[in-house]
Number of protein chains: 2
Amino acid sequence: MLKYVLLGALSYQPLTGYQLKQFVDNTTKHFWFAQTSQIYRTLKEIEEAKLAVSEVQEQDKRPDRRLYHITQTGRDDLKAWLIQPMTTVEPTKDALVIRLFFAKQMDKDSLLTQLKLQRTLHQQQLLLYRTEIIRQIETSRAQHPELDRDAQFWDMARRNGELAEEYYIRWLDETIQRIEAMPD
Amino acid sequence: MLKYVLLGALSYQPLTGYQLKQFVDNTTKHFWFAQTSQIYRTLKEIEEAKLAVSEVQEQDKRPDRRLYHITQTGRDDLKAWLIQPMTTVEPTKDALVIRLFFAKQMDKDSLLTQLKLQRTLHQQQLLLYRTEIIRQIETSRAQHPELDRDAQFWDMARRNGELAEEYYIRWLDETIQRIEAMPD
DNA sequence: CGATCCATGTAAGTTGTTACATGATTCG
DNA sequence: CGAATCATGTAACAACTTACATGGATCG
């Protein structure tokens with residue numbers, strides 16, 4: 001639920017919708033993505049539920065902006081969600097695997113092209129986890145030494161992404177080989 | 001899109017909504033899950049779009065059932081989707097990773113309990129990919145030797161699930177260790 | 001002077017979930 | 001005799017996506 005991603009971010013500091021979109025884009029994107037429009041709508045719902053309050057700030061040479069502050073109710077709600085145990089495995093949805101499942105309808109070439117394109121994309125994603133995201137975490141650790149404990153959790157999340165991409169690439173390589181070995 | 005999962009299944013043989021639910025549950029569930037209600041609604045949409053036609057069969061001592069037959073338009077639509085290349089990485093949504101990301105709000109114990117519960121669940125899931133699903137594929141290969149090529153693709157999809165669970169368990173173990181090593 | 005950044009949203013549509021509703025047959 | 005299987009759906013709601021709309025400031 002996007003609601004808890006936003007509350008989680010707001011638990012650190014007051015933010016605007018625009019800033020929350022940036023937060024999602026550089027940090028949680030890989031585990032929970034959201035469109036701008038959805039963020040603004042969810043913020044409205046959060047305020048209606050009194051989990052946050054907003055205040056409009058006038059700015060010089062910039063559009064006005066609406067800052068959201070988390071309330072105690074919001075913190076309680078977030079914490080209740082966080083400690084609530086997950087008793088099932090999260091179902092995955094992967095259109096590439098579905099395509100492969102019904103791949104007898106496809107010719108070998110277009111299938112291989114698709115798999116190789118995905119390999120390139122996942123390779124880029126892996127690189128991101130190994131360089132840019134590590135750098136991001138290091139930067140905020142340097143700037144905010146009091147967030148050291150937090151940064152460890154962020155790195156565990158990052159590591160999930162890194163391992164996920166490693167396995168996916170391994171699977172793609174294996175799959176490409178198996179398909180290349182198949183008779184036409 | 002569920003639509004293509006259903007069309008994919010119908011491309012092998014005519015099926016009822018009930019049978020499609022079973023198909024999803026024993027085969028695509030791990031890559032694309034769907035509720036019964038959604039399947040029936042999607043079937044209606046598929047028929048409206050003339051991608052399949054249905055016929056009611058009366059049965060002895062069983063409720064009537066509605067068999068869906070894929071049309072040529074349906075086959076064409078399915079194929080067009082299959083060969084359409086995916087140009088991005090599929091965004092993932094994982095509530096456990098989000099919980100971890102904001103884990104500073106949680107006490108160590110409830111966090112560890114949650115991670116260990118997930119480990120058990122994913123271990124069970126891995127076992128499924130390594131035994132039951134292999135057996136399923138072997139059975140249909142034995143019964144339908146003409147589906148040998150198809151069965152190879154099914155096994156590649158299965159292998160994706162197996163590797164995904166392996167990495168996830170590895171990540172959970174690593175994460176549990178890191179958290180246990182953290183000061184309280 | 002064109003692109004990007006800052007900043008906020010609405011409207012319409014699609015997709016997916018949860019809860020409800022029914023009822024005969026078969027198996028242990 | 002109770003649980004599971006066979007069989008089909010509706011209604012309401014929740015979540016997410018896509019397209020549209022606006023407009024000044026700053027940077028290269």
Side-chain angles (χ1 to χ4, degrees), chain A residues 1-7 14-26 28-29 31-49 51-52 54-68 77 81 86-88 90-95 98, chain B residues 1-7 14-26 28-29 31-49 51-52 54-68 77 81 86-88 90-95 98:
Chain A
M1 274 197 109
L2 180 61
K3 181 176 141 190
Y4 296 107
V5 175
L6 302 183
L7 285 177
L15 293 166
T16 67
Y18 189 82
Q19 289 171 329
L20 281 163
K21 169 62 174 161
Q22 285 177 95
F23 169 80
V24 166
D25 281 352
N26 356 343
T28 71
K29 182 173 74 192
F31 316 110
W32 211 283
F33 173 78
Q35 236 76 37
T36 308
S37 60
Q38 205 196 337
I39 289 175
Y40 282 106
R41 190 157 33 70
T42 306
L43 279 172
K44 202 174 268 184
E45 285 162 21
I46 284 173
E47 188 159 32
E48 273 163 20
L51 306 176
S54 74
E55 138 222 24
V56 176
Q57 281 190 333
E58 282 170 45
Q59 291 186 114
D60 200 37
K61 301 192 181 177
R62 291 274 162 86
D64 291 358
R65 56 190 210 161
R66 183 175 290 273
L67 255 188
Y68 286 85
D77 193 41
W81 181 78
M86 296 168 61
T87 53
T88 52
E90 293 256 292
T92 28
K93 301 219 159 175
D94 189 331
I98 290 294
Chain B
M1 277 197 107
L2 180 60
K3 181 178 140 188
Y4 295 108
V5 175
L6 302 184
L7 284 177
L15 294 165
T16 68
Y18 189 83
Q19 288 171 330
L20 281 163
K21 170 61 175 162
Q22 285 175 94
F23 169 80
V24 166
D25 281 352
N26 356 340
T28 71
K29 182 174 74 192
F31 316 109
W32 211 283
F33 172 78
Q35 235 77 37
T36 307
S37 59
Q38 206 196 339
I39 289 175
Y40 282 107
R41 185 154 41 72
T42 306
L43 279 173
K44 203 174 266 181
E45 286 161 22
I46 284 173
E47 188 159 33
E48 274 163 19
L51 306 176
S54 74
E55 137 222 23
V56 176
Q57 282 191 334
E58 281 170 46
Q59 292 186 113
D60 199 40
K61 300 191 181 177
R62 289 274 160 87
D64 291 358
R65 57 192 209 161
R66 182 174 289 273
L67 253 188
Y68 286 85
D77 193 43
W81 181 78
M86 297 169 60
T87 54
T88 52
E90 294 255 293
T92 27
K93 302 217 159 177
D94 189 330
I98 290 294

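First the proteins, then the strands, lettered A, B, ... as listed; each starts at 1.
With axes fitted over five pairs at each extremity, the angle between the ends of the helix from C:dC1-D:dG28 to C:dG28-D:dC1 is 60° (10° resolution).
When the side-chain nitrogen and oxygen atoms of A:Y18 are compared with OP1 and OP2 of C:dC6, one or more of them lie within a distance under 4.0 Å. OP1 and OP2 of C:dC6 both lie 4.0 Å or more from every side-chain N or O belonging to A:Q59.
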Show me, pair by pair, the donor-acceptor contacts under 3.5 angstrom made by side chains of residues 40-48 of chain A, not counting sequence neighbours?
{"residue": "A:Y40", "atom": "OH", "partner": "A:Y18", "partner atom": "N", "Å": "3.3"}
{"residue": "A:T42", "atom": "OG1", "partner": "A:Q38", "partner atom": "O", "Å": "2.7"}
{"residue": "A:E47", "atom": "OE1", "partner": "A:S54", "partner atom": "OG", "Å": "3.1"}
{"residue": "A:E47", "atom": "OE2", "partner": "A:S54", "partner atom": "N", "Å": "2.7"}
{"residue": "A:E47", "atom": "OE2", "partner": "A:S54", "partner atom": "OG", "Å": "2.9"}

Q) Taking protein heavy atoms under 4.0 Å as touching, what does nucleotides 9-19 of chain D look like 5' to 3' if B marks base contact, S marks sugar-phosphate-only contact and - marks none? A) BB----SBBBB
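Here C:dG16 presents its P atom at 14 Å from CG of B:L43, a figure rounded to the nearest Å. The CD1-C1' distance, from A:I39 to C:dA7, rounds to 13 Å in whole Å. In this structure, CZ of B:R65 is placed 18 Å from C1' of C:dG23, rounded to the nearest angstrom. The CG atom of A:L6 sits 15 Å away from the C1' atom of C:dT8 (whole-angstrom rounding). As a whole-Å value, the separation of B:D64 CG from C:dA24 P is 14 Å.
Evaluation of the side chain to side chain donor-acceptor pair (under 3.5 Å) rule for B:Q22 yields no partner, not counting sequence neighbours. In this structure, the side chain to side chain donor-acceptor pair (under 3.5 Å) partners of A:E55, at least two apart in sequence or on a different chain, are A:H69.
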Pairs under 3.5 Å (N/O, protein and nucleotides 23-28 of chain D):
none

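Looking only at side-chain heavy atoms (C-beta outward), B:T16 and B:R66 stay at 4.5 Å or farther from each other.
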